[in-house]
Amino acid sequence: MLSYEVGKSIHEFVGQMDGVYFSMDKAGALVTVLLRDPDSSEVDAFKQGKPLRMGIFYRKNQMVMLFKFAEMDWMDAPYSPHIGEAPVLPDDIPDGQSIAMQIMLANTRDGVIKSLRLFSPPTKFARELVKTIKEIQQLPFDKGKYNQDLNALFCMYSTRMMLDEAIAICKAC
């Protein structure tokens, strides 16, 4: 397991495409935002206390996480629990509790982590996230069909349209 810290270079990030990636494992959720040479305002957008908004879009067995950091544009990250490490999900999330979500910004030029932020979304949002992932886990999975359906989804929906039809939104995180 990789350990993350601000200033550390992660070789796997070097040369990657700019984008946002969502994953879950036994430690919780990880949101990785990769940007080539993020400027100071982009790095600042990820700091603790800066506005963070997120949403869950779910259509035709396809889940896309939506994120907005401070004044940056909305970003989308498709997710399937069938790809990567299988998430360990709680059976229940008691009132007032949530899941851990680590948010990381890294530079794709040199792999250096620019920002780390630990966050717990509101209980209602976390419950919807876990419920949706559990639904998807119960479905049969074919990677070729998944990729085909995902491409079709991105042809039909812009990030803004996904946001408008999200099943859950955290507006004041």
Side-chain angles (χ1 to χ4, degrees), residues 1-2 4 17 19-34 45-70 72-106 115-173:
M1 176 169 184
L2 289 173
Y4 301 116
M17 289 180 50
V20 61
Y21 304 88
F22 180 81
S23 61
M24 286 193 72
D25 61 22
K26 61 183 173 276
L30 175 62
V31 180
T32 306
V33 180
L34 301 177
F46 287 82
K47 290 185 178 172
Q48 198 74 29
K50 293 291 182 176
L52 165 64
R53 297 176 67 190
M54 63 180 77
I56 304 167
F57 176 81
Y58 182 53
R59 291 288 179 283
K60 298 183 180 179
N61 304 327
Q62 300 287 322
M63 181 176 142
V64 179
M65 293 296 296
L66 306 165
F67 299 97
K68 181 171 177 56
F69 302 96
M72 294 177 72
D73 290 335
W74 279 93
M75 302 176 191
D76 52 61
Y79 174 71
S80 173
H82 300 289
I83 298 174
E85 187 176 335
V88 178
L89 301 170
D91 292 328
D92 181 43
I93 300 174
D95 289 343
Q97 294 192 19
S98 186
I99 59 170
M101 188 176 287
Q102 184 166 301
I103 301 167
M104 173 175 28
L105 171 66
S115 178
L116 282 172
R117 177 177 178 178
L118 187 60
F119 174 74
S120 294
T123 303
K124 184 177 178 182
F125 187 91
R127 285 177 179 158
E128 191 64 40
L129 176 61
V130 168
K131 179 182 136 219
T132 303
I133 292 171
K134 285 181 177 182
E135 281 180 29
I136 296 170
Q137 282 180 314
Q138 300 306 310
L139 301 171
F141 183 74
D142 174 274
K143 190 167 185 177
K145 179 161 176 27
Y146 170 80
N147 287 331
Q148 183 179 19
D149 291 347
L150 190 61
N151 285 335
L153 181 116
F154 277 105
C155 286
M156 292 173 45
Y157 291 92
S158 67
T159 304
R160 183 76 232 176
M161 291 167 70
M162 287 185 221
L163 182 63
D164 291 341
E165 296 186 29
I167 61 170
I169 294 179
C170 173
K171 290 187 179 183
C173 301

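Quick caveat, the model's predicted, so the values are computed rather than measured.
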| Which pairs with one or both residues in residues 148-170 pass ring-ring contact (aromatic ring centres under 6.0 Å, His included), sequence neighbours excluded? | Phe57-Tyr157
Can you list the residues that meet the side chain to side chain contact (heavy atoms under 4.5 Å, CB included) rule with [X], with sequence neighbours excluded?
X	result
Asp164	Arg160
Thr159	Leu66, Trp74, Asp76
Glu85	Asp25, Lys26
Ser120	Ser98

| query | Under the ring pair (Phe, Tyr, Trp, His ring centres under 6.0 Å) test, which residues partner Tyr21, sequence neighbours left out? | reply |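 Tyr21 satisfies ring pair (Phe, Tyr, Trp, His ring centres under 6.0 Å) with no residue once adjacent residues are dropped.
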| Who are the ring pair (Phe, Tyr, Trp, His ring centres under 6.0 Å) partners of Phe22, not counting sequence neighbours? |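 With sequence neighbours excluded, Phe22 shows a ring pair (Phe, Tyr, Trp, His ring centres under 6.0 Å) to Tyr79, given in chain and number order.
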| said: Suppose we screen for side-chain hydrogen bond (donor to acceptor under 3.5 Å, both in side chains). Which residues come up paired with Gln48, at least two apart in sequence or across chains? | reply: none
| field | Summary of side-chain hydrogen bond (donor to acceptor under 3.5 Å, both in side chains) pairs that have at least one residue in residues 134-145, sequence neighbours excluded | value |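 Every pair satisfying side-chain hydrogen bond (donor to acceptor under 3.5 Å, both in side chains) with a residue in residues 134-145: Lys145-Asp149.
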| request: Report the residues that fulfil salt bridge (Lys or Arg N to Asp or Glu O under 4.0 Å) with Lys124, sequence neighbours left out, ordered by chain and then residue number. | output: none
| salt bridge (Lys or Arg N to Asp or Glu O under 4.0 Å) involving Lys131 - partner list, sequence neighbours excluded |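 Only Glu128 meet the salt bridge (Lys or Arg N to Asp or Glu O under 4.0 Å) criterion with Lys131.
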Would you list the atom pairs, donor with acceptor, under 3.5 Å between side chains in residues 87-96 and any protein atom, with sequence neighbours excluded?
from: Asp95; atom 1: OD1; to: Arg127; atom 2: NH1; distance (Å): 3.4
from: Asp95; atom 1: OD1; to: Arg127; atom 2: NH2; distance (Å): 2.6

